[in-house]
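Notes for the one structure printed next.
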Amino acid sequence: MFDTVTQDLKLSYTPGVAKEAALYDRVRRVVNELDWATFAPYILEINRVKKQIGAVVLAHNYMTPEIYHCISDFAGDSLQLAQQASKVEQQIILQAGVHFMAETSKILSPDKTVLIPDLKAGCSLASSITGADVRLLRQKFPGVPIVTYVNTSADVKAESDICCTSSNALKIVESLESDTVLMIPDKYLAGNIAKQTKKKILTWEGACEVHERFTAEDIRKFRKAYPGAVILAHPECPVEVTAEADFAGSTKAMADYVTEKQPAKVVMITECSMSDNIAVLNPKVEFVRPCNLCPHMKRIALPKILNSLLTLTHEVTVEPAAAVRAKAAVDRMLQASL
Ligand code: 13P
Ligand code: SF4
């Protein structure tokens with residue numbers, strides 16, 4: 001994982017780095033001192049190079065805490081990252097997240113250089129459907145509007161009427177006139193929205209490999225083991241899981257719930273780094289961490305980020321004609337989310 005460019009830098013935890021590393025206070029609760037000694041030289045170098053080349057780091061809530069709290073310029077859920085990508089001033093965007101997020105940034109900021117530190121950072125939802133699949137769906141369900149989750153490729157977005165994220169999915173569905181809506185590709189997000197609307201929801205056989213692993217039985221066990229704990233689940237979880245939880249919402253909605261309500265104890269039914277990142281900001285809340293790791297998100301690590309900034313790789317491109325059509329679907333979502 002350590003490539004030649006960053007190896008040549010021979011970064012080490014010198015007394016100078018240690019002295020400057022006041023950033024440690026931000027993550028002390030979730031990063032031990034040994035790990036910090038490895039992270040700190042990278043963090044300082046990344047923050048220096050970022051300024052030097054005029055880059056901005058947009059980080060998803062599932063990034064590990066040293067990325068989320070120590071090098072990101074903006075961190076948030078998929079909707080917030082898309083909103084941010086449409087208005088950043090810097091010429092270079094480094095996406096600390098997965099490939100569809102970097103594509104979304106490129107679609108919204110076509111004149112900017114968008115970098116992803118690892119091209120293999122994919123997503124099981126994005127790989128579950130192609131543009132050709134969506135064209136077939138349109139033939140099969142003529143006149144039914146297609147709402148596409150942002151966790152998809154630019155080609156899929158290009159074939160869609162409007163995009164959504166887990167933050168705004170219900171609002172987007174309700175904004176459409178049709179009584180029937182095709183929500184693709186996440187069958188669980190679609191199922192969770194179907195419970196909240198009178199519209200008929202059709203869907204696709206896609207799922208998030210992280211959230212689909214949680215079961216209703218898991219939730220019942222946590223309730224028994226941690227009486228009184230508030231259980232929060234992401235809407236990419238199966239419907240019977242969110243039904244057992246106290247609250248279901250996007251990563252931002254979960255973070256806001258904890259910040260506003262300050263529950264004594266909370267169980268996060270989602271990706272592992274979420275609890276770490278929110279724990280840092282909510283020292284009085286006790287976190288139970290029954291998490292599942294997203295192997296795609298976890299490909300993004302400090303050495304790769306530094307390498308990406310130093311070599312301006314890997315640049316994410318989107319075929320211009322598809323980008324224009326995909327942008328229309330994303331813009332409609334951003335407009336409807338105001
Ligand atoms: P949100 O950040 O929109 O809740 O999405 C979660 C997710 O799984 C992103 O890949
Ligand atoms: Fe995709 Fe799930 Fe990983 Fe998010 S957490 S990137 S939806 S596989």
Side-chain angles (χ1 to χ4, degrees), residues 58-64 67-68 72 74-85 95-105 116-129 147-153 156-157 163-172 183-193 203-214 232-238 241-242 245 247-259 268-278 290-301 316 330 333-334 337:
L58 304 185
H60 186 260
N61 288 331
Y62 293 162
M63 289 294 104
T64 46
I67 294 175
Y68 182 99
S72 77
F74 186 85
D77 73 356
S78 303
L79 176 61
Q80 292 176 297
L81 294 181
Q83 285 165 331
Q84 205 60 28
Q95 198 82 36
V98 293
H99 194 266
F100 76 77
M101 294 176 175
E103 267 195 347
T104 306
S105 291
I116 187 151
D118 187 328
L119 276 172
K120 288 193 190 136
C123 168
S124 63
L125 280 167
S127 61
S128 73
I129 190 162
V147 178
T148 293
Y149 199 25
V150 285
N151 298 34
T152 47
S153 67
V156 169
K157 290 183 177 81
C163 286
C164 76
T165 70
S166 50
S167 265
N168 60 20
L170 181 61
K171 197 173 177 181
I172 299 291
M183 275 195 83
I184 56 169
D186 187 346
K187 62 178 172 182
Y188 294 128
L189 180 67
N192 280 307
I193 296 301
T203 188
W204 183 255
E205 200 44 47
C208 162
E209 68 188 81
V210 175
H211 292 94
E212 73 172 343
R213 301 213 302 271
F214 292 109
L232 310 182
H234 195 278
E236 288 169 10
C237 291
V241 172
T242 54
F247 175 81
S250 72
T251 56
K252 176 186 184 301
M254 289 166 115
D256 288 350
Y257 185 104
V258 174
T259 307
M268 288 274 186
I269 304 297
T270 187
E271 210 274 343
C272 297
S273 295
M274 260 302 279
S275 298
D276 289 343
N277 290 331
I278 304 176
C291 67
N292 287 328
L293 267 181
C294 174
H296 310 288
M297 291 279 182
K298 265 48 256 195
R299 282 181 176 277
I300 309 301
V316 174
V330 177
M333 168 188 85
L334 293 175
S337 311

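Model, not experiment: these values are computed from the prediction. Whatever order the structure lists ligands and atoms in, that order sets their numbers, starting from 1.
- Under a 4.0 Å criterion applied to the non-hydrogen atoms of Cys123, ligand 2 contributes the atoms 1 (Fe), 6 (S), 7 (S).
- Listed by atom number, the atoms of ligand 1 under 4.0 Å from Met297 heavy atoms are 10 (O).
- Distances from ligand 1 to the non-hydrogen atoms of Asn151 include at least one value under 4.0 Å.
- Considering backbone and side-chain atoms alike, Ser166 places an N or O below 3.5 Å from some N or O of ligand 1.
- Under a 4.0 angstrom heavy-atom cut-off, Gln80 registers as lying outside contact with ligand 1.
- Scanning both residues, Gly97 and Ala121, for their nearest heavy atoms gives O-CB, 4.2 Å.
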Evaluate side chain to side chain contact (heavy atoms under 4.5 Å, CB included) for Met183 paired with Tyr149, printing each intermediate quantity in order.
CA-CA 7 Å; Met183 275 195 83; Tyr149 199 25; over 6 Å; no

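- The atoms of ligand 1 that sit less than 4.0 Å from any heavy atom of Met101 are 9 (C), 10 (O).
- In this structure, the side chains of His296 and Asp118 stay at 4.5 Å or more apart for every pair of heavy atoms.
- We find the NE2-CG distance between His60 and Leu58 to be 12.0 Å, quoted to the nearest 0.5 Å.
- Close approach of ligand 2 to Asn151 (heavy-atom distance below 4.0 Å) involves ligand atoms 7 (S).
- When only interatomic distances are considered, the shortest N/O to N/O separation between Asp77 and ligand 1 does not fall below 3.5 Å.
- Atom numbering of ligand 2 starts at 1 in the shown order; those under 4.0 Å from a heavy atom of Ser124 are 8 (S).
- In this structure, Asp186 and Ala207 approach most closely via the heavy-atom pair OD1-CA, 4.2 Å.
- Using a 4.5 Å heavy-atom threshold, the side chains of Ile278 and Met268 count as touching.
- Distances from ligand 1 to the non-hydrogen atoms of Lys252 include no value under 4.0 Å.
- Look at Glu236 and you'll find a heavy atom under 4.0 Å from some atom of ligand 2.
- In this structure, atom 3 (Fe) of ligand 2 lies nearest to the protein heavy atom Cys294 SG, 2.4 Å.
- Geometrically, ligand 1 and Thr165 share no nitrogen or oxygen pair separated by less than 3.5 Å.
- Protein heavy atom in closest approach to atom 5 (O) of ligand 1: Ser78 OG, 3.5 Å.
- Between Thr64 and Lys298, the side chains place no donor N or O within less than 3.5 Å of an acceptor N or O (distance only, hydrogens not considered).
- Neither the backbone nor the side chain of Glu271 has a heavy atom within less than 4.0 Å of ligand 1.
- In this structure the side chain of Tyr188 never reaches within 4.5 angstrom of the side chain of Thr242, judged on heavy atoms.
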Just do the side chain to side chain contact (heavy atoms under 4.5 Å, CB included) check on Phe100 and Thr152 with the steps written out, would you?
CA-CA 6 Å; Phe100 76 77; Thr152 47; over 6 Å; no

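- Inter-residue side-chain proximity for Gln84 and Leu81 is flagged as unmet; no heavy-atom pair is nearer than 4.5 Å.
- Taking a cut-off of under 4.0 Å to the non-hydrogen atoms of Ser250, the atoms of ligand 1 that pass are 4 (O).
- Here the protein heavy atom with the shortest distance to atom 2 (Fe) of ligand 2 is Cys208 SG, 2.3 Å.
- Taking a cut-off of under 4.0 Å to the non-hydrogen atoms of His234, the atoms of ligand 1 that pass are 1 (P), 4 (O), 5 (O), 6 (C).
- Checked by atom type and distance alone, the side chain of Asn192 pairs as donor or acceptor with a backbone atom of Cys237 at under 3.5 Å.
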